[in-house]
Structure formats: structure tokens, C-alpha cells
There are 2 protein chains.
Amino acid sequence: MVESSKGRGNARRILNSSSQRVTAQRALLLELLRHSSRHVDADDLYRRARKKNSRISLSTVYRNLQLFKKLGLIEEHHFDEEHHHYEVKSGTEHQHLLCTSCGKVVEFACPVSWKLRRDIGKQYDFDITGVEVRMTGLCPSCRSKENKTIPDRS
Amino acid sequence: MVESSKGRGNARRILNSSSQRVTAQRALLLELLRHSSRHVDADDLYRRARKKNSRISLSTVYRNLQLFKKLGLIEEHHFDEEHHHYEVKSGTEHQHLLCTSCGKVVEFACPVSWKLRRDIGKQYDFDITGVEVRMTGLCPSCRSKENKTIPDRS
DNA sequence: GTAATTGCAAACGCTTTGCCCGTAT
DNA sequence: ATACGGGCAAAGCGTTTGCAATTAC
């Protein structure tokens with residue numbers, strides 16, 4: 001896979017170019033972030049990292065997530081109430097649709113948000129720096145499951 | 001104000017009608033929620049409540065916030081990463097605009113969200129249950145402050 | 001060599017819970 | 001009378017921090 005070697009190169013380049021030291025842990029975490037499902041939490045990442053380096057610590061994961069966030073490599077989301085989710089920043093603007101039952105996250109394009117941003121900014125005299133649209137609902141597969149498993153709602 | 005006597009009556013009625021006991025603490029909290037600024041956190045509410053009843057405990061505040069949420073009286077928001085904010089449910093649909101500097105919360109109407117809801121729901125075959133639009137930015141007064149207090153950006 | 005980074009464990013802030021006593025019904 | 005709700009203190013959770021040892025530069 002050309003992808004993965006490229007990814008590793010990128011990790012190193014990104015860290016170097018921001019004059020951050022390239023440690024094994026950092027390279028690993030960056031690598032994992034780039035190749036895992038788009039939305040992870042600290043513990044996900046920690047568990048995955050331990051498979052490759054069993055001595056890595058949770059605090060290292062947290063510290064580096066903060067670093068990556070500061071470097072603008074990832075974004076932090078507060079989807080549910082409990083803990084944070086992280087997502088590698090992609091060029092493409094998108095919003096999130098979450099299934100309240102299985103937690104699945106779907107990304108969707110939302111061009112309207114730009115118009116909204118302009119309009120609301122002007123209306124309230126704010127310098128808008130971000131727009132987030134979050135929709136919640138039941139995904140197709142959870143909907144059909146629910147129809148089967150809750151036959152008696154007496 | 002007629003509003004306030006009505007409010008107290010409502011608190012009692014609401015609790016009674018859902019067969020919850022009307023305790024002094026519940027009535028007080030409900031009262032405070034209805035008459036304080038629209039977005040509070042548990043500690044805000046706790047501090048306010050203590051002024052009227054110095055023996056009330058923080059856990060009572062939390063327990064009742066959960067109850068009120070379950071009864072559909074209030075909504076829980078996760079504006080910033082730290083803690084939750086609560087808002088008395090109003091009939092009118094609205095979205096939130098937050099100042100990243102002073103934390104001010106502005107509510108705005110967003111009729112587009114309905115169209116969005118329909119469109120995205122259909123597109124991804126989700127049963128949409130909620131749409132949240134959150135914008136962040138700098139409010140007018142913080143913007144002008146910033147211009148004054150950061151003259152040297154050498 | 002030296003400053004940045006790690007692992008560990010302890011602390012953190014917000015929230016929840018167990019227990020026993022008090023109170024609304 | 002009795003089950004529900006309260007106060008208190010302790011535990012829980014995800015996250016952060018202090019520190020000594022380690023590592024990249």
C-alpha cells in the first residue's frame with residue numbers, strides 16, 4: 001500500500017515542520033488517526049495504540065491529541081455528553097448526523113451553512129468563526145431493529 | 001407581575017401532574033429556572049438556590065435537573081467542553097450563537113433547519129429527531145475590546 | 001548536553017451514587 | 001404509614017498535571 005508509507009512520511013513531515021520532536025508515540029498516534037475510522041475518542045486511540053506499543057500511556061494519548069489539535073491536524077467534537085471525539089481534519093467542509101441508537105456518525109455536506117453564517121453574522125454583528133450543524137436520529141438499520149425488538153409497547 | 005405568581009402555580013401543577021412530589025427544593029429550583037437568565041449550569045443554579053435555602057445540596061440540584069429534563073421541562077446543552085448548560089424549554093424553536101470570548105449566548109431563529117431536516121433525513125434514510133445549529137464567533141463588544149487591549153502584536 | 005517528552009500515579013472538575021434520615025402523600 | 005426525596009460524603013468518570021526518568025535533537 002502506497003497510502004500507508006505515504007502516511008508515515010506525512011506524520012514525520014508534519015511534526016518536523018512544526019518543530020515538534022518526532023517520537024515513536026507521536027508517529028504511531030498520527031498514523032492510527034489517519035487510518036482509523038474517522039471519529040475516535042481518546043480511549044479508542046489508546047487501545048489501538050497499545051496493540052502496537054504496549055507501554056504507551058493514556059496521558060501521552062491525551063497530550064498528543066491536544067498537540068494535534070493545536071497544530072490544526074484534528075478537530076474535537078462533543079457529540080454526546082460523556083467524552084470527546086476527535087476527527088482528522090479534512091479539506092472538505094461537512095456536518096454530522098448521529099444515530100442515537102448505535103452511535104453511527106454520518107457526514108453530510110451543508111452548503112446552506114455559508115449563507116447562514118453570513119446572514120446571522122450580519123444580523124447580530126458577530127464575527128462568526130464557526131458553524132456546526134448536528135442532527136440526531138435513527139439510522140435505517142436501527143429503525144428496523146427497533147420494529148422487531150419492541151413488539152409489545154402495552 | 002402576573003407572570004411570577006403564575007410561574008409558581010405552574011411549578012406545582014407541573015410536578016403534581018407528573019405524580020412527582022412537590023418538595024420545597026423542587027419548587028425553588030423550578031422557580032429559579034423560570035426566572036433566571038436562559039442558560040444556566042448546575043453550579044449557577046446551586047448558588048442561586050443557596051441564597052434562598054442555604055441547606056440545599058448540590059446533588060439535589062443535579063437530581064432535579066435530571067428529573068426536569070426527563071419531564072421535558074428543560075433542555076441540556078453541551079456548549080463548551082467543560083460542563084452542561086440547561087435551558088427552560090420554550091415553545092419557539094431556536095438555535096444558538098456563542099461568543100468565544102465572553103461566553104454570551106444569543107438565540108436566533110433558523111427556519112432553514114426544517115428544510116435541512118427533511119432533505120438530509122430523506123437522503124440518508126434517517127428518522128431525524130433533532131437538529132442543532134451552533135455558531136461561534138466574537139460579539140460586537142468583545143471585538144472592540146480586543147482591538148483596544150491587543151495593540152502590540154509584535 | 002539539554003530541553004522536550006514520556007510513564008506513572010495522583011489530582012482534577014463535574015456528575016452520580018449509597019446510605020440513612022426526613023418529609024409529602 | 002410508607003415510599004419517595006433530601007443531605008452528606010464518597011465514588012465515578014474522562015481528563016489533566018507534577019515529577020523523575022528517558023529520549024530526540
Side-chain angles (χ1 to χ4, degrees), chain A residues 8 11-30 32 39-71 73-86 103, chain B residues 8 11-32 39-50 52-71 73-86 103:
Chain A
R8 186 162 288 134
R12 175 157 257 109
R13 191 172 332 124
I14 287 163
L15 290 173
N16 273 325
S17 69
S18 48
S19 64
Q20 302 295 331
R21 294 193 173 172
V22 181
T23 64
Q25 294 90 328
R26 270 183 197 162
L28 172 58
L29 291 174
L30 222 36
L32 288 173
H39 301 89
V40 274
D41 59 35
D43 208 61
D44 281 346
L45 191 55
Y46 175 53
R47 271 194 305 264
R48 278 176 223 222
R50 282 182 71 146
K51 289 182 185 160
K52 294 271 186 174
N53 170 356
S54 60
R55 298 189 35 72
I56 198 169
S57 82
L58 188 53
S59 25
T60 297
V61 173
Y62 275 110
R63 278 193 277 236
N64 281 310
L65 281 172
Q66 300 239 103
L67 174 67
F68 299 157
K69 185 170 55 156
K70 200 166 61 187
L71 295 181
L73 301 176
I74 59 174
E75 264 173 8
E76 195 180 68
H77 295 288
H78 333 294
F79 287 150
D80 42 37
E81 23 261 321
E82 329 157 358
H83 55 329
H84 302 158
H85 284 233
Y86 299 88
Chain B
R8 184 161 289 132
R12 175 158 257 108
R13 191 171 334 123
I14 288 164
L15 291 173
N16 272 327
S17 69
S18 47
S19 62
Q20 302 296 330
R21 295 194 174 170
V22 181
T23 65
Q25 294 91 326
R26 272 182 193 164
L28 172 58
L29 292 174
L30 222 36
E31 193 70 3
L32 288 173
H39 302 89
V40 274
D41 59 34
D43 207 62
D44 281 346
L45 190 56
Y46 175 53
R47 272 194 304 264
R48 277 176 222 224
R50 283 183 69 150
K52 296 271 187 176
N53 170 356
S54 59
R55 299 189 35 73
I56 198 170
S57 81
L58 188 52
S59 26
T60 298
V61 173
Y62 275 108
R63 277 193 275 237
N64 281 310
L65 281 172
Q66 301 238 104
L67 174 67
F68 299 157
K69 185 171 53 158
K70 199 166 62 188
L71 295 181
L73 301 175
I74 60 175
E75 265 173 8
E76 195 180 68
H77 295 288
H78 334 292
F79 286 150
D80 43 36
E81 23 261 322
E82 329 155 356
H83 54 330
H84 302 158
H85 283 234
Y86 299 88

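The analysis underlying the following values was restricted to heavy atoms, covering all of them including side chains, and did not include hydrogens, waters or symmetry mates. Protein chains get the first letters and strands the later ones, always in sequence-line order, with residue 1 at the start of each. The model shown is predicted, which means the values in this text are computed figures rather than measured ones.
- Aromatic ring pairs are classed by plane angle as parallel below 30°, tilted from 30° to 60° and perpendicular above 60°; the pair H77(B) and F79(B) is parallel.
- Note on D43(B): nothing from the nucleic acid sits closer than 4.0 angstrom, heavy atoms only.
- Contact annotation: T23(B) reaches the phosphate of dG6(D) (side-chain N/O to OP1 or OP2, under 4.0 Å).
- Listed nucleotides: dG7(D), dG7(C), dT15(D). Nearest to the side chain of I56(B): dG7(D).
- No side-chain N or O of H85(A) forms a donor-acceptor pair with one of D41(A) less than 3.5 Å apart.
- Distance Y62(B) OH to dG6(D) P: 16 Å, rounded to the nearest Å.
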Could you give me the CA-CA distance, side-chain angles and deciding distance for H78(A) and H83(A), then say whether side-chain contact (heavy atoms from CB on, under 4.5 Å) is met? CA-CA 7 Å; H78(A) 333 294; H83(A) 55 329; over 6 Å; no

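- As judged by a 4.0 angstrom heavy-atom cut-off over every strand, N53(B) is placed among residues making no nucleic acid contact.
- Picking from dT25(C), dC25(D), dC14(C) the nucleotide with the shortest atom distance to the side chain of V22(B) gives dT25(C).
- Positionally, the nearest nucleotide of DNA chain C for H84(B) lies more toward the 5' end than for the other of H84(B) and N16(B).
- R50(A) places its CZ atom 11 Å from the P atom of dG7(C), with the value rounded to the nearest Å.
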As a quick check of understanding, evaluate side-chain contact (heavy atoms from CB on, under 4.5 Å) for L65(B) and L29(B), giving each step before the final call. CA-CA 9 Å; L65(B) 281 172; L29(B) 292 174; over 6 Å; no

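- Both H85(B) and R21(B) lie close to DNA chain C; mapped to their nearest nucleotides by heavy-atom distance, the more 5′-ward contact belongs to H85(B).
- Residue R63(A) is in base contact, counting any heavy-atom pair closer than 4.0 Å across all strands shown.
- Here Q25(B) does not reach the OP1 or OP2 of dT23(C): none of its side-chain N or O atoms lies under 4.0 Å away.
- For the OP1/OP2 pair of dT5(C) and a distance below 4.0 Å, the side-chain nitrogens and oxygens of N64(A) include no atom meeting the criterion.
- Using a 4.5 Å heavy-atom threshold, the side chains of R26(A) and L67(A) count as touching.
- A close approach under 4.0 Å does not occur between any side-chain nitrogen or oxygen of Q20(B) and OP1 or OP2 of dC4(D).
- For S59(A) and dC8(C), a side-chain-to-base donor-acceptor distance below 3.5 Å is present, hydrogens and geometry of angles not being considered.
- Of the candidate nucleotides dT5(C), dC14(C), dC8(C), dC8(C) has the atom lying nearest to any side-chain atom of R55(A).
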